[in-house]
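Below is one structure, written out as structure tokens; comments come after it.
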Amino acid sequence: MDPISATDRLFFEETGLEPAAARKSLMDGLAGADDGELFLERTTSESLGFDDGVLRAASNDISQGFGLRAVAGEFTAYAHGGEISNSALARAAETAREAGKGRGGVLADGPPIQNKRIYDSADPTQTPYFAAKVSVLEQIDAYLRAKDPLVAQVSGSIHAEMQAVRIIRADGQEAADFRPLVRVSISVTVKRGDRMETGSDGRGGRMPLAQFLEEDGWRTSAHEALRQALVKLESVPAPAGEMTVVLGPGWPGVMLHEAVGHGLEGDFNRKGASNFAGRMGEMVASKGVTVVDDGAMPDRRGSLAFDDEGTPTGRTVLIEDGKLVGYMQDRMNARLMGMAATGNGRRQSYAHQPMPRMTNTFMLGGDMDPAEILASVKNGVYATNFGGGQVDITSGKFVFSASEAYRIENGKVTVPIKGATLIGDGPAAMSQVKMIGNDMALDNGIGVCGKSGQGVPVGVGQPTLLMDGVTVGGTAA
């Protein structure tokens, strides 16, 4: 069914909201403003948490509401509420009118609305049935406990949601979409003597949940979580100092996301708060480094047919062969910077205003064989997985904890190490890239990005990278 027609039932027939009244409230709220929209949302979600053979948590939630936004220059008036009705929108319009009061702005042209399909629109919260999901979690627990006698604890979770959105703009254009999102996570703790270690793996995306619940699917995650935990049992304290670091493909791209990606969002650059501000056209990374943000990739966690302002998503090149060539933009920052919106205006929910956010951000692959990259290192660290990290957007300085890493000695990957942290700053780190592998990979669909109190699903990725002169914090004596 066409998304516009399907959302008629959710947002008009079931709530009693009249389309004409909704458009009138929008126009009233945008009087004198430069831009704005009415954002309608309904999200259904289901979560199950399983721990040590017992279903510990189960929830099923439905939330809905609206956000009416008016923008005039840099000033934004935003009104939102959980009641979708003619009267609620009329009250919201009174608040939104504050943006354009006394300004006499001219409404900007709207985006070229497209209702393209880049993921399955089946509701993952409806199938399979609840009992089938619980059964899968029980099977995961039993399988891992039988797999290795060192397994001491198993945890698993399943989350599925369907977000329906409809965006109404002042020029009469409307965009509607059904956005599925699923994730299955497994955590395993192993114990040998007094030592305990934990490994975890998650898979997800904007696709049917059933494929992650098939035995071949969850076994892959179960094996990976157990492998990580067993590797950590053999780990020794990490060395410290300045050394060569090789980053593995896929999820280690989270460091690129945090240390570089946020600094390429339009609002930070418009305000001069980013290390990349005012550097368009300059070399900001080693030659060969190309970074893109692509929100139109089928089925990916960070993908959207259009962003939360109605702008179609697409592929935005940010750094090309080491040169800064683009920023990620929402409509307001793009207008104020004299640039084009890139489909990166995102919000956590109807209760939040959109801002420039990443979708799927990754570095393109190079021409080096990953085995040759590792063989070239005499003494260094090979980091294949990351846990937490901290980044200062203004300076680009970061500290990242490697949750799985190894020593590299005379071109060979040797013992696993524990407690390794990578310390540096984003722009400098990009200039320390000396070799780029031909094995670019995206993460498994687990990323959540936080900014200004809002969390949105994202994707990350990169090929194997060799970086010289990286400061490694370790725990070895």
Side-chain angles (χ1 to χ4, degrees), residues 44-60 118-148 151 153-162 178-190 198-231 248-254 297-303 360 384-385 403-404 439-448 457-461:
T44 304
S45 63
E46 181 182 66
S47 296
L48 291 81
F50 199 85
D51 186 40
D52 275 347
V54 178
L55 183 65
R56 303 284 185 183
S59 65
N60 193 298
I118 59 173
Y119 32 70
D120 193 303
S121 60
D123 188 346
T125 67
Q126 300 300 313
T127 54
Y129 294 111
F130 182 86
K133 297 170 188 173
V134 174
S135 175
V136 167
L137 292 172
E138 292 173 338
Q139 292 174 56
I140 291 170
D141 182 270
Y143 177 79
L144 283 167
R145 292 182 185 281
K147 191 73 177 173
D148 197 295
V151 171
Q153 183 176 2
V154 177
S155 299
S157 65
I158 297 172
H159 177 80
E161 68 177 59
M162 175 61 91
F178 287 88
R179 301 168 173 174
L181 188 66
V182 302
R183 174 173 173 167
V184 178
S185 300
I186 301 173
S187 175
V188 183
T189 298
V190 294
T198 299
S200 61
D201 187 71
R203 310 285 164 119
R206 297 191 183 277
M207 55 190 75
L209 177 61
Q211 70 184 68
F212 295 100
L213 301 183
E214 294 171 356
E215 188 167 342
D216 287 347
W218 63 253
R219 278 197 179 191
T220 298
S221 281
H223 287 166
E224 175 60 17
L226 179 58
R227 183 199 66 79
Q228 290 179 25
L230 293 173
V231 164
W251 178 247
V254 68
M297 306 174 74
D299 303 329
R300 298 302 306 179
R301 183 172 175 85
S303 295
N360 304 297
T384 60
N385 210 342
S403 58
E404 183 179 355
D439 58 343
M440 198 287 286
L442 298 171
D443 74 292
N444 292 326
I446 61 173
V448 177
V458 296
V460 302

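Just so you know, these numbers use all the heavy atoms, side chains as well, and skip hydrogens, waters and symmetry mates.
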### Query
Are Leu144 and Ile186 close enough that some pair of their side-chain heavy atoms sits under 4.5 Å apart?
yes

### Query
Is a side-chain donor or acceptor of Asn360 paired with a backbone partner of Gly302 at a separation under 3.5 angstrom?
yes

#### Entry: Rounded distance [0.5 Å steps], OG1 in Thr220 versus CD in Glu215
10.5 Å

### Message
Looking at every non-hydrogen atom in both residues, tell me the closest pair between Met162 and Pro180 and how far apart they are.
### Response
SD-N, 3.7 Å

### Message
Tell me whether Asp443 contacts the main-chain N or O of Val460 through its side chain, where contact means a donor paired with an acceptor under 3.5 Å.
### Response
yes

## Note on the structure
Rounding to 0.5 Å, atoms CD (Glu46) and CG (Asp123) come to a distance of 9.5 Å

### Query
So how far is it from Leu213 CG to Arg203 CZ, rounded to the nearest 0.5 Å?
13.5 Å

### Query
Closest approach of Val231 and Glu404, non-hydrogen atoms and distance?
CG1-OE2, 4.4 Å

### Task
Compare all side-chain heavy atoms of Phe130 with those of Leu48 and state whether any distance is below 4.5 angstrom.
yes

#### Entry: Atom pair CG (Leu442) and CZ (Arg300), whose distance is rounded to the nearest 0.5 Å
4.5 Å

### Task
May I ask you to decide if Gly204's main-chain N or O and Arg301's side chain share a donor-acceptor pair within less than 3.5 Å?
no

### Query
Counting distance only, does the side-chain N/O of Arg206 pair as donor-acceptor with the main-chain N or O of Tyr119 below 3.5 Å?
no

### Message
Is the shortest side-chain heavy-atom distance between Glu224 and Asn444 below 4.5 Å?
### Response
no

### Query
Under 4.0 Å between a Lys/Arg side-chain N and an Asp/Glu carboxylate O for Arg145 and Asp52?
yes

### Message
Distance check, rounded to the nearest 0.5 Å: Ser185 atom OG versus Ile158 atom CD1?
### Response
9.5 Å

### Summary
Here the pair of heavy atoms bringing Ser303 nearest to Ile118 is CB-CD1, 3.9 Å

### Message
I'd like to know if the side chain of Gln139 pairs up with that of Ser135 as donor and acceptor (distance under 3.5 Å, no hydrogens or angles considered).
### Response
yes

#### Entry: Whether His223 and Tyr143 hold their rings parallel, tilted or perpendicular, with breakpoints at 30° and 60°
tilted

### Summary
Looking only at heavy atoms, the pair that brings Asp120 and Pro208 closest together is OD2-CG, 3.9 Å

### Query
Once you round to the nearest 0.5 Å, how far does CD1 of Ile446 lie from OG of Ser200?
7.5 Å

#### Entry: Derivation of the side chain to side chain contact (heavy atoms under 4.5 Å, CB included) call for Asp148 and Leu226
CA-CA 9 Å; Asp148 197 295; Leu226 179 58; 4.2 Å; yes

### Summary
What one should report as the nearest heavy-atom pair of Val182 and Pro124 is CG1-CB, 3.4 Å

### Query
Are any non-hydrogen side-chain atoms of Lys133 and Pro128 less than 4.5 angstrom apart?
yes

### Task
Return the minimal non-hydrogen interatomic distance between Gly49 and Leu55, and the atom names on each side.
O-CD1, 3.5 Å

